Amino acid sequence: MTKKYITTAIPYMNGNPHIGHAMDYCLADVCARYLALSGNEVRFQAGTDEHGSKIAQKADELDVEVQTFVDEKAETFKEFIAKLGVSYTDFVRTTDEWHERRVQEIWRKLADHIYLAKYEGWYCTGCERFITDKEYEENGGVCPDHLKSYEKLEEENYYLRLSDFKGRLKKAIETDEMLILPDFRKKEILKLLEESPDMSISRPVTQLKWGVPVPDDPTQVMYVWVDALSNYITVLGYPEEDISGWWPAAAQFVGKDILRFHAIIWPAMLLGLGLPLPRVLVSHGMVLADGQKMSKSIGNVVDPNEVIDKHGIDAFRYFFLRHIDTFADSDFTWEKFENAYNNELANDLGNLVQRLATLASKNGIKLENETNVSKLSLEYQELMDKFEFAKAFDLTWEKVQGLNKRIDEEKPWELAKNGEKEKLGECLTTLIVDLLQANTELSPFLPEASKKIAAIFAGEIQPPTTPLFPKN
RNA sequence: CGCGGGGUAGAGCAGCCUGGUAGCUCGUUUGGCUCAUAACCAAAAGGUCGUUGGUUCAAAUCCAACCCCCGCAACCA
């Protein structure tokens, strides 16, 4: 059995679960389930990113202990992940003691590529952050949020010498040794890589307390991304455990907004540690609401919980995996969601199961016990291997629709009326086997429904008392 | 001249690399069927393929110019 490791981006705990997180989980989960289905041993990471000034600030605003705050948030996210049916095997919180300890080990191992330097720039005491020169000019030297003049400030930071890895990394990206999907993101990253300066990877403790302390320097705390990115290997036990069976990851799923960290800083860290680069970085797009970015100020945020509660988790996964473009930004609207549910899940698949089960039950059809329906078609596998999940799904769906057509053409009810028992039995058995075959391919996408379908046609066939995908 | 993607039926998209009757899904209309969740199956209507010009016997497809939208460049999942 081949070992495969799949990762999700760990959400930052300064907000609640939203539809973008769900997207990330759905994609990674389908991938993980597919790999398991095709005979691999799969480890699948999920987790929460809990350090950084924004989180500390948020806790402050609410007047609670930071640890209490993140404990609650992490719980919320865990519940959400469970609700999505994410089949993860390993979970990491960046405040886990073992994670913090391992991150410090990682820092030590990277020491050759880290140096201390002064940074001088414009700083807003209101925002508590440095701003770029460009921003300074655009705002005429005054922070638009706080109406305060920017101050010239100097601080010491540790830097990761990105230049040590640029050449190697560029080649790895160009040759697809580390494949970046989709291709247009790869181009963006290559361009960005050229321009990337060394990366500041720590903050003075006076400015940021809520983070992992830099080893042997009590005045500095690690920048949250160093800590966060490390989770992918600390959760496997690095450095004290040998992770070579699992690492490099078969695929790492990230949102397009954080691709840069995963495609530049993260591989630089890995190279510094002497570890191989992930095989694939899958960068997915944003989910829009009616063509617009979801934002609290516009008030068009779609709550994933609400969507799941409407028609169940499989319907949610179905929509996000088939009708939301994996790589480009694309649109969620309730109308599209309802249409997909009613026309496709209920009418095509749900109804197909219902009519076949009824036909079988009325005519006393049973399947042989050893009927093997575990095969995946080659085309399906090819598409899944390329992370073209929606296309693979389309392919399987054609089979589902084809079955509806075949029932109409073969008219088993007429065979029953004419007493053509043998023909009828053969006709229905073939149809059911083909349905179950397709059902296997559906299982990574629709785990719950798939299980139900398998159960319906096992042993004594009975049509389900409540439809698979009830309409309202 | 920053880099990149795109503009094809009411909507969402494929086709473009390797020119040759413009295709898919949803929606609309009509017909068929009755095993089924008013579900299923079939057929039809609907497009000057962003604009202009060029190459060619032939251009959605190749070339040029222009118009428009979007992504990245800037710690938004």
Side-chain angles (χ1 to χ4, degrees), chain A residues 8-12 14-25 49 52-54 129-132 134-135 138 182-192 194-196 200 223-225 228 253-261 265 283-288 291 293-296 304 322-325 327-331 333 335-336 339-340 342-363 390-391 394 397-398 401-417 424 427-428 431 463-464 466-472:
Chain A
T8 56
I10 54 175
Y12 198 55
N14 67 341
N16 284 321
H18 57 60
I19 221 143
H21 300 127
M23 176 92 192
D24 200 62
Y25 290 126
D49 182 8
S53 53
K54 281 186 187 165
R129 68 179 183 101
F130 282 95
I131 55 148
T132 59
K134 201 170 172 184
E135 214 175 334
E138 273 169 15
D183 192 58
F184 63 90
R185 296 286 173 218
K186 168 176 161 181
K187 285 179 189 151
E188 278 175 17
I189 290 296
L190 278 170
K191 171 96 171 138
L192 190 64
E194 303 273 336
E195 298 162 356
S196 294
S200 157
Y223 178 47
V224 66
W225 273 105
F253 290 85
V254 299
K256 67 171 189 181
D257 54 319
I258 53 170
L259 176 64
R260 61 188 46 228
F261 298 101
I265 301 168
S283 155
H284 60 255
M286 301 285 192
V287 181
L288 307 173
K293 211 157 110 175
M294 289 188 199
S295 87
K296 282 179 195 156
R322 191 176 186 206
H323 291 292
I324 294 284
D325 193 302
F327 301 116
D329 290 354
S330 67
D331 218 25
T333 65
E335 197 192 349
K336 284 182 189 173
N339 276 340
N342 287 324
N343 296 327
E344 295 165 15
L345 283 179
N347 294 352
D348 287 347
L349 180 60
N351 183 50
L352 171 65
V353 168
Q354 199 76 24
R355 63 198 299 213
L356 263 184
T358 306
L359 281 166
S361 148
K362 277 187 183 168
N363 297 292
K391 284 185 187 152
D394 281 346
W397 206 256
E398 276 172 29
Q401 290 174 315
L403 284 168
N404 271 322
K405 191 173 174 174
R406 267 166 59 195
I407 296 177
D408 273 50
E409 282 167 358
E410 293 174 22
K411 303 187 186 11
W413 54 91
E414 271 184 17
L415 296 178
K417 225 182 273 171
L424 176 66
C427 162
L428 287 178
L431 287 165
T466 46
L468 210 49
F469 297 102
K471 294 208 228 176
N472 13 9

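Chain A is the first sequence line, chain B the second, and so forth, proteins listed ahead of strands; every chain is numbered from 1. Values in this document were obtained by computation on a predicted structure and should not be read as measured data.
- Rounded to an integer number of Å, the gap from CZ of A/Arg185 to P of B/A77 is 15 Å.
- Not one side-chain nitrogen or oxygen of A/Lys256 sits closer than 4.0 Å to the OP1 or OP2 atom of B/G71.
- Comparing B/A36, B/A39, B/G71 by their nearest atom to the side chain of A/Glu188 picks out B/G71.
- OP1 or OP2 of B/U37 has not a single side-chain nitrogen or oxygen of A/Asn342 nearer than 4.0 Å.
- Using a 4.0 Å heavy-atom cutoff across all strands shown, A/Val254 reaches no nucleic acid atom at all.
- When each of B/U37, B/A42, B/C40 is scored by its nearest atom to the side-chain atoms of A/Lys405, the top-ranked nucleotide is B/A42.
- Across all strands shown, B/G46 forms no Watson-Crick or G-U wobble pair with both distances under 3.5 Å.
- For the OP1/OP2 pair of B/A36 and a distance below 4.0 Å, the side-chain nitrogens and oxygens of A/Lys362 include at least one atom meeting the criterion.
- Of the side-chain N and O atoms in A/Asn343, one or more sit less than 4.0 angstrom from OP1 or OP2 of B/G27.
- Residue A/Asp408 has its side chain nearest to B/C35 when only B/C35, B/U37, B/G4 are considered.
- Of all nucleotides listed (B/A39, B/C35, B/U34), B/A39 comes nearest to the side chain of A/Asn351.
- Counting non-hydrogen atoms under 4.0 angstrom, A/Leu356 reaches nothing in the nucleic acid.
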